[in-house]
Amino acid sequence: MSLARWELLLHRPPRESHAFFSGDRRRPKVVRLISFHNPAISVGNIRQPRDPSVLPVLRAGISEIPSTVSDADVVFSETFPLKRTKMVEGKVSVKVGRVDEEGSRLQVIVCCNLEGKWIMHWGVTYCDDVSSLEICSEWDQPPPEMRPPGSIAIKGYAVETPMKRSLSAVEGQVLHEFHVEFESCKTIAAINFVLKEEEKGAWFQHKGRDFRVQLVNHLQQGAHIEPKSQSFNIWPGPFDQISNFLLKPDVSHSKDQGSNPDILDPLRNHIRISDFYEEYALITEEFVLNSVTVTVISSEADKNLVYFDTDMPGDVIIHWGVCRNDIKNWEIPPAPFPPSSKIFRQKALQTLLKPKADGSGSCGFFSLDKEIIGLLFVLNLNKYTWLNNQGTDFYVPLASVKSFYHQSRKDLTAVEEQVLSIEQESRDGNQQIVETHQKRYQASYTDDIILAIRNLVTDIASERGKTDKWKEAQESILREIEKLAAEAYSIFRSSTPAFVEESIPEAELSKTSKKSCSGTGSGHEILCQGFNWESHKSGRWYGELMPKADELASLGFTTVWLPPPTESVSPEGYMPKDLYNLNSRYGSMEELKGLVKRFHEVGIKVLGDVVLNHRCAHYQNANGIWNIFGGRLTWDDRAIVADDPHFQGRGNKSSGDNFHAAPNIDHSQEFVRKDLKDWLCWLRKEVGFDGWRLDFVRGFWGGYVKDYLVASEPYFAVGEYWDSLSYEYGEMEYNQDAHRQRIIDWINDTNGTAGAFDVTTKGILHTALQKCEYWRLSDDKGKPPGVLGWWPSRAVTFIENHDTGSTQGHWRFPSGKEMQGYAYILTHPGTPAVFYDHIFSHYQQEISKLISLRRRCKIHCRSMVKITRAKRDVYAAEIDDIVAVQIGPGNYKPSSGTKKWILFAEGEDYKVWEAS
């Protein structure tokens, strides 16, 4: 998938998931470095209760906390840790200058002022490279004399150099510096680089593209550029890239480009750039620990005063409700309400705390009847950050706490131990708490949606007579109704899956495997992604992968997925232009055909990565819009959807989501579908592809995919249907049925002719492994919670790919837990996919061992899973009664019974057994 598509996905707020007691939430952006900031308070540390004699006098319009409160009046006090992230802005500076007055030597200095262990991953572009001055130039290694000490060569196209740490002269600020000098007469046209923070494994680019220091400017014939106009050039992001690329001077359809001397010799004239300085913002996130202290004071008139005190900066809102029994149903407290309070969906109040006079945070209090036995709350910081109690609501007991509190005050150490024990038990019980919430509130929540819609309709009627802002108000209310209706539909769809696959015995599966259904394979596929985000940079990837064919076959892979083969505006291949031109940044068409032939010789089938959703144009129309296509498929603007706002299409409206960086193709047009079918069939016959990986299938209806697959008859096909999972207060929700249902809906639209990447399983594995919440790996029916739990024969499971990992790292799998992920997907049903960077790394031996077990035990896409444990710190399952697996730090052994289990493989926090 293209990088531009990733930026759209990651910077767009996810689909809102309105739980009945929740507010407006936005999922934190994820493409950022996470570091750890350690203030005085630490997680789990319980502070000495605040001296009640110094509690300030507060007025909230209900009651007043006295200036002096006796120890006997305080019935409860506890400090809850709050873990949040905050934005940290740094900068990257780039300076190019002359070392001597004559200018015979130049220096390039790159600096970063953020904490960490920074690595400069860089390469150069030479002037004798014909493509060196084009938008998407190749990388080459710099000459040895140009490399600073400590540099390490990376493959054949880059080096990595540690940046030196120092203190700058400005307020003792930390500075990491890369410094290189070279002769100005060297034929270096540009320096390309990305930054890596080694401790976190995070990569940083500029607007989604490599940083590029342009050292030479090309002079077109007859052009004149003043030296003072030269400026530093950082390569633009995807949208800017497209606009810049498309704003090149138009070339006439009939003009012979071969007669243009500047095209034949693009380096006839160039000048050297020197003496400039630029700075660029670098945004990261780091963990910060704060706290909130809740104190309950018994007052007269059968009232409890609940006092909140937090050291969090900014606007802090208490989103709270009360409960009158042990079930802990949220309710609105009796009126009157505290000032600055708003009612939320008749279930909770949202109250803004008052800033403290010394600026150290916020505080406030509520007065509650003593018949109320508990208070539930979560915190909202600056509207968009939600904080809860390690995945659950904060709970403050208001009944029967007085005796416990006074007993605990006699021995503070005992209190701390008890509270820590309670917190541990709370974490262990998260699964039961979440499951109870899911079952208890769904029915009442749907009623709330209906009530909210009715209220909004009433609002429309009340606004009808107010003509000034009637239209604006109407549009706003209708948008809210649309959201609520979509949410109600989601609940309806997620209540039961549209498709639950029945198991097929191995004997029956083996009968059908000889002649498999088009697009679904035999059921025993093990897929290897044969590239990463950097593979195009050498320009020789097909040749580099050729010698690895034998090794991949010996490791047990049955299928390999190759990168997009077509000519593309972006070097990675996801912005296709002329579909029949297969000379790409990965190699030539002949090299591709030779590679496919070699894989076939060792028994491996090959998937081509095809982009059917969008295509980049060759020419402008009369309005200067790039929507006229060249090459063998000479489409005009009728091939572009009408609701694409950037490219003036004259087709029908889109049947999916728009990809804004390139013209979106209108698949409802008969001529478009015919041309694409012919192209896919040509790829099958001419190149030898056995099947397809389909990019960005959210962009068009799955029914069209069915037509393409029926025509091209692939052995195996998998679609990339990427969607945001459901989050609440910034935390992943336990129930992801709605998310996997959307993927299954797409598979249904294809009539089951294609599988889909199981993004649901990847997302749940992320949270389960990173937060030690392995209970998430079983849904409420005791099945796997991803697509493989509902339709395993169409689920392609994975933990990393070129977008999520590699140098992009947009959604990197938790570091150090990769083998737990592979232990899961390589023992479970579905079709497992292994990422190139992992198989050719120190993980190879462990992955190879798991693949050999899968093949020997004949684990297939429809194998039966029996989950035997899903607790806080351990997940375990038995597959086809012949393989048992455990992941997580907890202890587990499969039950002996009539079987004898032999430990086959183990590693960090995982074990796999085979039944003898």
Side-chain angles (χ1 to χ4, degrees), residues 19-23 25 41-47 49-50 74-84 288-297 304-312 315-333 338 341 344 347-353 361-366 368 372-381 385-401 404-405 415 418-430 432-434 436-437 440-441 727-731 733-734 771 773:
F20 86 96
F21 51 87
S22 63
R25 296 172 299 284
I41 185 170
S42 61
V43 175
N45 182 39
I46 306 302
R47 289 197 314 214
R50 185 183 306 277
V74 177
V75 296
F76 177 87
S77 183
E78 183 170 341
T79 297
F80 299 94
L82 302 172
K83 188 177 181 180
R84 63 184 177 90
V288 178
L289 293 178
N290 296 106
S291 65
V292 58
T293 299
V294 183
T295 303
V296 181
I297 303 168
N304 282 324
L305 299 182
V306 185
Y307 178 73
F308 291 85
D309 185 346
T310 179
D311 60 353
M312 283 198 303
D315 294 332
V316 179
I317 294 175
I318 302 287
H319 183 97
W320 64 288
V322 299
C323 55
R324 301 177 185 273
N325 51 48
D326 293 334
I327 299 178
K328 298 180 182 177
N329 284 327
W330 282 61
E331 298 180 16
I332 295 178
S341 294
F344 181 80
K347 291 290 184 180
L349 288 182
Q350 294 180 335
T351 302
L352 178 66
L353 296 183
S362 302
C363 61
F365 78 95
F366 313 142
L368 299 174
I372 294 172
I373 71 165
L375 181 144
L376 299 153
F377 73 95
V378 293
L379 298 172
N380 178 271
L381 176 63
T385 302
W386 289 90
L387 301 168
N388 58 20
N389 189 18
Q390 303 182 38
T392 63
D393 306 327
F394 291 103
Y395 178 69
V396 177
L398 300 177
S400 303
V401 298
F404 168 79
Y405 181 79
V415 170
Q418 282 183 297
V419 173
L420 290 174
S421 174
I422 291 171
E423 288 184 342
Q424 183 65 39
E425 292 174 2
S426 174
R427 285 192 292 270
D428 290 341
N430 272 351
Q432 288 76 19
I433 292 172
V434 173
T436 301
H437 279 195
R440 185 177 301 136
Y441 298 134
Y727 287 78
E728 185 172 37
Y729 309 130
E731 298 289 334
E733 291 184 356
Y734 165 69
K771 295 189 174 183
E773 295 175 349

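One is the number of the first residue; the rest follow in order along the sequence.
Summarising the geometry, atom CZ belonging to F308 is positioned 5.0 Å from atom CD1 belonging to I318; distances are rounded to the nearest 0.5 Å. For the atom pair CD of E731 and NZ of K771, the computed distance is 3.0 Å after rounding to the nearest 0.5 Å. Taken from CG in L379 to CZ in F394, the straight-line distance is 5.5 Å, to the nearest 0.5 Å. The structure places CG of N304 at 12.5 Å from CD1 of I373, a figure rounded to the nearest 0.5 Å. Distance check: L376 CG to N329 CG gives 9.0 Å after rounding to the nearest 0.5 Å.
The shortest distance between side-chain heavy atoms of L349 and P333 falls below 4.5 Å. Side-chain contact between T295 and D309 is absent, with no heavy-atom pair separated by less than 4.5 Å. Residues V288 and R84 have side chains in contact (heavy-atom distance under 4.5 Å, counting atoms from C-beta outward).
Across all non-hydrogen atoms, the minimal contact from T293 to S77 is CG2-OG, 4.1 Å. In plain terms, the two heavy atoms of I332 and A348 that are nearest each other are CG1-N, 3.6 Å. Between V316 and S362 the shortest heavy-atom distance is CG2-OG, 4.2 Å. Of all heavy-atom pairs spanning C323 and I372, the tightest one is O-CG2, 3.6 Å.
Scored by the side chain to side chain donor-acceptor pair (under 3.5 Å) test, T310 finds no partners at all (sequence neighbours excluded). Scored by the side chain to side chain donor-acceptor pair (under 3.5 Å) test, T385 finds no partners at all (sequence neighbours excluded). The side chain to side chain contact (heavy atoms under 4.5 Å, CB included) check on I317 picks up Q350, L352, N380, with sequence neighbours excluded.
Using cut-offs of 30° and 60° on the angle between ring planes, the pair W386 and H319 is perpendicular.
Tested against W320, the residues F377, F366, F344 include a single ring-ring contact (aromatic ring centres under 6.0 Å, His included) partner, F366.
With hydrogens and angles ignored, the 3.5 Å screen pairs a side-chain donor or acceptor of D311 with a backbone N or O of S291.
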